Undergrad: 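Let me give you the structure first, and then I'll get to my questions.
This structure is a prediction, so every number in the text was calculated from the model and none was measured. Start at 1 and go down the list; that is how both ligands and their atoms are numbered. All residue numbers refer to positions in the sequence shown, counting from 1.
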Amino acid sequence: MTTIPATYESSRERFRASLASFSNPSTRSGRRHWPDSVLTSIPLADESDLTIDIISAPATRDKQKLLILTTGLHGIEGYVGSGILQLFIQEYLSKFDSETTGIILVHPINPYGMKDRIRTNKNSVDLNRNFVEDFEELKSINPHYESLAYLLNPARPLQSPFHEKLTFLWNVLRALPKGAQHIREAALMGQYRIHNGMYFGGFEIQEETKFMMDLFSQSISEYAKVVILDIHTGYGPRWQMTLLNPPAEKMTAKETASRFKVPLVAGVNPEEFYSIHGDMTDYVHRMLGAKYPDKDFYVGTFEFGTYGDSLWQGIHSLRTTALEHCLRWFGGSDSSRAWMKRECDELFMPSDPTWWEKAKADARAAFDGIFNAYGIIY
Ligand SMILES: [Zn+2]
């Protein structure tokens, strides 16, 4: 059964146990068997009970194709990511040729955030804004962030849910004359100045980021074809997964949709999604393009929408994100704490079983399309 796990620990246990799906000779044989596959657990520097776990299964004869699936870059999104990894192992592994195809699975990139059920790491850094070379240069981006602090970054303890809902709505109305797009950009672009603000990209490279940069550069070089997919939740329409192309991708959304036969593709740019900096898929796309121009590669993000993408649902999502930060930094009442937990869980791992069934169907459609286009399943 591919389920969304209840805890970080149970998810980790399940992931570690799935190494047997690659390496056990009694269930795997011939071209379905990766005898050299290994599980590596990297503890975080100050939290040795939290680990980034990696299953690495190198091709056994001729290293032609490599698939990398990564989860939990935004901690709490790792629960759905974990379910998608299990779906991959149960339904797709037997379609891969171990002689020519290597597989790397990462669960989760951000174990602190997954365990704590938040998006950021321990330092309150959004790791998908942290794949950055020059942090000084980025200090000046998103100049309007501070002017919207009353909306995005309220510096006070949370009161009752009723009070907070009214206050937030009032603040949205105050900000709205500047335009919905203005608020959206300021909220989502990321910022590199306020360490306890939303979508904070950090003052320096985080250990999880460094680890992923090294993993990418060490694992890719020998393979001619590389597909990297990073699993996320929380944005886009509720009932259709969005495949996101990084800004560096040359294919348009339309070309990508027709190549992979998936219904919804967006590019990470202000017209189709929103502009961000320090994105992991963009980093690895640029690195591959610069270092290995001859490789045939695709790097993309699966975004499973949750609340939905209407204006109202966008405001709801902004409210959850802003108030979760507020609660974390300034505390709040018991009722606001329970409310925020429900709101965050629904934003990143909806409880409706129908949602999960549709998410799995969308993941299968995208896996089929991408793997077929790259000739990595048969
Ligand atoms: Zn995410």
Side-chain angles (χ1 to χ4, degrees), residues 4 8 11 52 68-85 106-132 184 187-191 197-202 206 208-209 212 228-238 240-247 264-269 272-285 299-309 313-314 316-318 320-322 324-325 328 343-350 355-356 359 362-363 366:
I4 299 175
Y8 160 69
S11 185
I52 305 175
I68 303 181
L69 284 181
T70 57
T71 59
L73 178 63
H74 286 141
I76 188 171
E77 300 172 25
Y79 291 91
V80 168
S82 165
I84 299 295
L85 284 182
V106 183
H107 167 284
I109 299 171
N110 172 11
Y112 183 92
M114 185 169 173
K115 164 107 178 156
D116 236 33
R117 298 173 111 81
I118 55 174
R119 289 176 89 245
T120 66
N121 76 350
K122 187 182 181 184
N123 301 326
S124 203
V125 171
D126 181 330
L127 295 174
N128 211 26
R129 305 288 184 278
N130 189 245
F131 286 73
V132 164
R184 198 173 146 81
L188 302 178
M189 180 189 285
Q191 51 84 17
M198 276 168 50
Y199 300 94
F200 170 55
Q206 302 295 295
E208 301 90 340
T209 306
M212 289 308 297
I228 299 171
L229 301 171
D230 191 33
I231 316 292
H232 288 252
T233 60
Y235 288 96
R238 177 170 172 92
Q240 177 56 54
M241 187 265 275
T242 311
L243 179 64
L244 280 182
N245 282 338
L264 183 59
V265 180
V268 178
N269 57 54
E272 296 173 72
F273 198 67
Y274 51 86
S275 57
I276 63 175
H277 300 268
D279 173 282
M280 182 176 81
T281 56
D282 196 47
Y283 165 84
V284 68
H285 191 290
V299 186
T301 301
F302 286 10
E303 265 289 356
F304 294 93
T306 53
Y307 284 0
D309 62 346
Q313 288 151 346
H316 184 191
S317 156
L318 184 63
T320 302
T321 309
E324 184 277 315
H325 270 265
R328 190 147 31 107
E343 292 278 276
C344 284
D345 281 1
E346 284 301 314
L347 179 53
F348 298 113
M349 41 193 291
W355 181 89
W356 176 230
D362 290 354

Undergrad: Strictly distance-based, threshold 3.5 Å: is any side-chain N or O of Asp126 a donor or acceptor partner for the main-chain N or O of Thr120?
TA: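 Between the backbone of Thr120 and the side chain of Asp126 there is no qualifying donor-acceptor contact (under 3.5 Å).
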Undergrad: Please list, chain by chain and in numerical order, all residues satisfying salt bridge (Lys or Arg N to Asp or Glu O under 4.0 Å) with Asp362, sequence neighbours excluded.
TA: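 Checked Asp362 against salt bridge (Lys or Arg N to Asp or Glu O under 4.0 Å); matches are Lys358.
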Undergrad: Under the side chain to side chain donor-acceptor pair (under 3.5 Å) test against Thr70, which residue among Thr281, Asp230, Thr301 passes?
TA: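 Option passing the side chain to side chain donor-acceptor pair (under 3.5 Å) with Thr70: Asp230.
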Undergrad: Number of protein N/O/S atoms less than 2.8 Å from the Zn ion (ligand 1)?
TA: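 Considering protein N, O and S only, the Zn ion (ligand 1) has 4 within range.
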Undergrad: If every non-hydrogen atom of Gly305 is compared with every non-hydrogen atom of Trp355, which pair is closest and at what distance?
TA: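 Closest pair (atom of Gly305, atom of Trp355, distance): O-NE1, 2.8 Å.
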Undergrad: Residues two or more places apart in sequence or in another chain: which of them pass side chain to side chain donor-acceptor pair (under 3.5 Å) with Asn110?
TA: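 Side chain to side chain donor-acceptor pair (under 3.5 Å) check on Asn110 returns nothing, list empty.
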Undergrad: Can you sort out the partners of Asp345 under salt bridge (Lys or Arg N to Asp or Glu O under 4.0 Å), two or more places apart, ordered by chain and number?
TA: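 Asp345 satisfies salt bridge (Lys or Arg N to Asp or Glu O under 4.0 Å) with Arg117, Lys341 only.
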